[in-house]
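These numbers come from the heavy atoms of this one structure, side chains and all, not from hydrogens, waters or symmetry mates. If you read the sequence from its start, that first residue is 1, and numbering goes on from there. Since the structure is predicted, the reported quantities are computational estimates derived from the model, not experimental observations.
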Amino acid sequence: MYKKTIRLLGDYNAMKAHIQKLKRDIENIDYIGVSASSTEDTVSKTNKFYSAVENEVVDREKFVENTTKEIKRLELEVKNIDEAYKILSDKEKKVIKLKYFETNNNEWFKIAWKVGYSEQHCRRIRNHAVKKMEKVIFGK
């Protein structure tokens with residue numbers, strides 16, 4: 001779970017950006033409307049009617065439904081990370097913020113210089129913070 005927590009923290013900014021992109025995708029699909037250019041509706045041997053417009057509407061509804069589910073999943077992960085971040089000490093918050101939230105994967109020597117600790121101590125702080133966050137995020 002430790003590595004998974006590290007991966008989530010590393011993906012935090014990307015997840016937030018992806019949520020915004022997915023929301024724009026939903027807005028755009030509603031804006032475009034349905035195209036009715038095909039006049040080749042067919043009837044199958046079972047007399048079931050197939051319409052290009054109806055198929056397009058169904059496909060768009062599925063897209064919106066699947067995209068909405070993905071947005072909710074990502075928002076839950078971001079919320080879990082935010083809640084886990086709240087339980088950290090100020091020192092831990094500073095290191096995690098510099099490493100993952102502000103400038104993703106900031107180098108340890110820069111973090112150490114900014115917080116006034118050695119690189120090794122910053123890594124220990126991060127490790128302890130990640131273990132605390134792991135318990136909140138995954139409940140283990």
Side-chain angles (χ1 to χ4, degrees):
M1 290 297 157
Y2 179 85
K3 287 184 179 182
K4 193 171 181 178
T5 305
I6 294 285
R7 197 174 316 115
L8 280 175
L9 289 170
D11 292 343
Y12 181 81
N13 290 329
M15 284 189 291
K16 289 178 83 171
H18 191 58
I19 289 168
Q20 296 308 313
K21 182 219 177 279
L22 292 173
K23 287 180 179 180
R24 283 191 308 274
D25 288 348
I26 290 174
E27 288 173 9
N28 288 338
I29 201 162
D30 289 339
Y31 174 75
I32 294 170
V34 177
S35 63
S37 60
S38 176
T39 59
E40 297 182 17
D41 294 337
T42 60
V43 177
S44 71
K45 292 179 181 179
T46 60
N47 295 325
K48 187 173 179 182
F49 187 71
Y50 290 99
S51 165
V53 174
E54 288 174 352
N55 289 339
E56 187 174 344
V57 169
V58 169
D59 289 346
R60 285 175 184 228
E61 287 176 358
K62 286 179 186 176
F63 172 80
V64 170
E65 181 182 331
N66 291 337
T67 304
T68 302
K69 284 179 185 177
E70 178 68 3
I71 289 169
K72 287 182 181 186
R73 184 189 69 77
L74 290 170
E75 285 177 337
L76 180 61
E77 286 187 6
V78 168
K79 186 175 180 179
N80 286 340
I81 293 169
D82 290 342
E83 289 299 316
Y85 182 76
K86 289 178 185 178
I87 69 163
L88 301 178
S89 69
D90 290 341
K91 183 172 35 171
E92 292 166 334
K93 283 180 181 178
K94 201 179 284 187
V95 170
I96 294 295
K97 183 177 180 182
L98 288 169
K99 181 67 178 166
Y100 299 106
F101 299 159
E102 280 188 2
T103 52
N104 202 11
N105 294 322
N106 206 342
E107 296 177 25
W108 283 113
F109 75 90
K110 292 179 184 177
I111 295 170
W113 182 78
K114 288 178 183 176
V115 297
Y117 301 121
S118 70
E119 290 179 44
Q120 185 177 8
H121 188 61
C122 287
R123 285 188 184 99
R124 279 195 300 267
I125 292 169
R126 190 268 318 253
N127 292 342
H128 187 261
V130 168
K131 287 177 185 174
K132 285 169 67 174
M133 292 178 83
E134 171 186 321
K135 291 176 185 174
V136 173
I137 293 170
F138 300 108
K140 296 179 181 180

Pairwise side-chain contact, Met15 with Leu8, heavy-atom cut-off 4.5 Å (strictly under): yes
I want to check something: taking the side chain as every heavy atom from C-beta on, are Phe101 and Leu9 in contact at a cut-off of under 4.5 Å? yes
Measuring from atom [atom1] of [X] to atom [atom2] of [Y], what distance do you get when rounded to the nearest 0.5 angstrom?
X: Lys16; Y: Asp82; atom1: NZ; atom2: CG; value: 6.0 Å
X: Ile6; Y: Asn127; atom1: CD1; atom2: CG; value: 7.0 Å
X: Lys110; Y: Lys114; atom1: NZ; atom2: NZ; value: 7.0 Å
X: Tyr2; Y: Arg7; atom1: OH; atom2: CZ; value: 12.5 Å
X: Ile96; Y: His128; atom1: CD1; atom2: NE2; value: 11.5 Å
X: Glu83; Y: Met133; atom1: CD; atom2: CE; value: 10.5 Å

Cluster overlap Ile26 with Val58, hydrophobic side-chain contacts below 4.5 Å: no
Can you name the residues that form a ring-ring contact (aromatic ring centres under 6.0 Å, His included) with His121, not counting sequence neighbours? Tyr117
With distance as the sole test, does Tyr85 use its side chain to make a donor-acceptor pair with the main-chain N or O of Lys93 at under 3.5 Å? yes
Does any N or O in the side chain of Glu119 come within less than 3.5 Å of the main-chain N or O of Ala112, such that one atom is a donor and the other an acceptor? no
Salt-bridged, Glu92 to Lys131, with N to O below 4.0 Å? no
Charged N-O contact under 4.0 Å between Asp90 and Lys94: no
Taking all atoms of both residues into account, what is the closest heavy-atom pair of [X] and [Y], and its distance?
X: Ile137; Y: Ala84; answer: CG1-CB, 3.8 Å
X: Val115; Y: Cys122; answer: CG2-SG, 3.5 Å
X: Leu98; Y: Asn106; answer: O-CB, 3.3 Å

Identify every side-chain donor-acceptor pair in residues 63-73 under 3.5 Å, counting partners at least two apart or on other chains, and give the distances.
from, atom 1, to, atom 2, distance (Å)
Asn66, ND2, Lys62, O, 3.3
Thr67, OG1, Phe63, O, 2.7
Thr68, OG1, Val64, O, 2.7
Glu70, OE1, Arg73, NE, 3.1
Glu70, OE2, Arg73, NH2, 2.8
Arg73, NH1, Glu77, OE2, 2.9

Test side chain to side chain contact (heavy atoms under 4.5 Å, CB included) on Val95 and Tyr100; report intermediate values, then the result. CA-CA 8 Å; Val95 170; Tyr100 299 106; over 6 Å; no
